[in-house]
S.K.: 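Here you go, one structure.
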Amino acid sequence: MKFSKKYERDYHWYLSVIDVFSFDGTEEYHNNQGVDLIQFDRRGRTAKECFYLYDSNGIIKPTCEPEKLKALYKTKGSVNLHIKMFAKDRAKGYLPRIEFEKMCKEFNVPDWFVVAVENQKEKYYE
């Protein structure tokens, strides 16, 4: 399976922050219809392929790497949670731009992460 440069960049970044962004408030991963996102088959696709297929097209395929796939979903969920929390903190003035930029540099976040926080903070201005 061939992946775009953007996907490769994001996938490798998610792997690099698995230990940092490790809380998303859930233990199980299902789609909107309640179907398990992590289905094991020793001859299934890699976690990288399954993550891509679901993230880009909503397609669920069995994986031969269920623990890695679960870690990727947890990391993505945690990243999304942190974007929301950082946006709220930025909007309320608890997280000054300079501190936010330090954190972004420390975790080598992709540009879309910063854009997402800054765009979402508009929702939280009081």
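The figures that follow rest on heavy atoms only: side chains count, while hydrogens, waters and symmetry mates do not.
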S.K.: Going hydrophobic residue to hydrophobic residue with side-chain gaps under 4.5 angstrom, can you get from Leu69 over to Val35?
M.R.: yes
S.K.: Pair Trp112, Ile83 - check side-chain contact (heavy atoms from CB on, under 4.5 Å), show working.
M.R.: CA-CA 10 Å; Trp112 57 259; Ile83 287 171; 4.0 Å; yes
S.K.: What heavy-atom pair brings Thr63 and Ala47 nearest, and what distance separates the two atoms?
M.R.: OG1-N, 3.6 Å
S.K.: Please indicate whether Asn57 has more than 12 foreign heavy atoms, meaning atoms of other residues, nucleotides or ligands, lying under 6.0 Å from its CG.
M.R.: yes
S.K.: I need the Asp55 CG to Leu37 CG distance, nearest 0.5 Å.
M.R.: 10.5 Å
S.K.: Following the transitive rule for hydrophobic clusters with a side-chain heavy-atom cut-off under 4.5 Å over Ile, Leu, Val, Met, Phe, Trp and Tyr, establish whether Val17 and Phe23 coincide in one cluster.
M.R.: no
S.K.: Membership question, hydrophobic clusters at under 4.5 Å side-chain separation (ILVMFWY): are Val20 and Tyr11 in the same one?
M.R.: yes
S.K.: Classify the ring geometry between Tyr7 and Phe51 as parallel (under 30°), tilted (30 to 60°) or perpendicular (over 60°).
M.R.: tilted
S.K.: Just wondering, do Lys76 and Asn80 contact through their side chains at under 4.5 Å, heavy atoms?
M.R.: yes
S.K.: Please tell me whether Met103 and Val114 are part of a single hydrophobic cluster in this structure, the criterion being side-chain heavy atoms less than 4.5 Å apart.
M.R.: yes
S.K.: For Glu65 and Lys48, which heavy atoms make the closest approach, and how far apart are they?
M.R.: OE1-N, 4.4 Å
S.K.: When you compare the side chain of Leu15 with that of Leu72, does any pair of heavy atoms fall below 4.5 Å?
M.R.: yes
S.K.: Tell me the closest heavy-atom pair linking Ala87 and Lys121, and the distance in Å.
M.R.: O-CB, 3.3 Å
S.K.: Working to the nearest 0.5 Å, report the span between OH of Tyr52 and OG of Ser4.
M.R.: 6.5 Å
S.K.: What do you reckon, is CD of Glu122 surrounded by more than 12 foreign heavy atoms closer than 6.0 Å?
M.R.: yes
S.K.: Given Phe3, which of Lys6, Lys5, Met1 fulfils the side-chain contact (heavy atoms from CB on, under 4.5 Å) condition?
M.R.: Met1
S.K.: Just by modelled atom types, is the Ile38 backbone N or O under 3.5 Å from a matching donor or acceptor in the Asp36 side chain?
M.R.: no
S.K.: Tell me, please, which residues at least two apart from Lys102 pass side-chain hydrogen bond (donor to acceptor under 3.5 Å, both in side chains).
M.R.: Glu99
S.K.: Using a strict 4.0 Å threshold on nitrogen-to-oxygen distance, state whether Glu101 and Lys105 make a salt bridge.
M.R.: no
S.K.: List the atom of Gly44, the atom of Cys64, and the distance in Å for their closest heavy-atom pair.
M.R.: O-SG, 3.6 Å
S.K.: Can you classify the ring geometry of Phe21 versus Trp13 as parallel (below 30°), tilted (30 to 60°) or perpendicular (above 60°)?
M.R.: tilted
S.K.: Tell me whether Tyr14 is reachable from Leu53 by hopping between hydrophobic residues (I, L, V, M, F, W, Y) whose side-chain heavy atoms are closer than 4.5 Å.
M.R.: yes
S.K.: Working to the nearest 0.5 Å, report the span between CD of Gln120 and CD of Glu118.
M.R.: 10.5 Å
S.K.: Would you give the length of the straight line joining atom CD1 of Ile60 to atom NE2 of His30, rounded to the nearest 0.5 angstrom?
M.R.: 10.0 Å
S.K.: Quick one: hydrophobic cluster around Phe40, which other residues, with the 4.5 Å side-chain cut-off, linked directly or via members?
M.R.: none
S.K.: Pairing donors with acceptors under 3.5 angstrom, does anything connect the side chains of Tyr29 and Asp24?
M.R.: yes
S.K.: Report yes or no: does Lys74 contribute a side-chain atom to a donor-acceptor pair with the main-chain N or O of Thr26 at less than 3.5 Å?
M.R.: yes
S.K.: Please name the pair of heavy atoms, one in Ser22 and one in Ser78, separated by the smallest distance, quoted to 0.1 Å.
M.R.: N-OG, 3.5 Å
S.K.: Centres of the Phe113 and Phe107 rings: under 6.0 Å?
M.R.: no
S.K.: Indicate the atoms forming the closest heavy-atom contact of Cys50 with Tyr73, along with that distance.
M.R.: O-OH, 3.9 Å
S.K.: Rounded to the nearest 0.5 Å, how far apart are NE2 of His82 and CG of Asp89?
M.R.: 10.5 Å
S.K.: Taking only Lys NZ, Arg NE, NH1 and NH2, and the carboxylate oxygens of Asp or Glu, determine whether Glu67 and Lys70 approach each other closer than 4.0 Å.
M.R.: no
S.K.: For the CG atom of Asn31 and the CD1 atom of Ile59, what is their distance to the nearest 0.5 Å?
M.R.: 12.0 Å
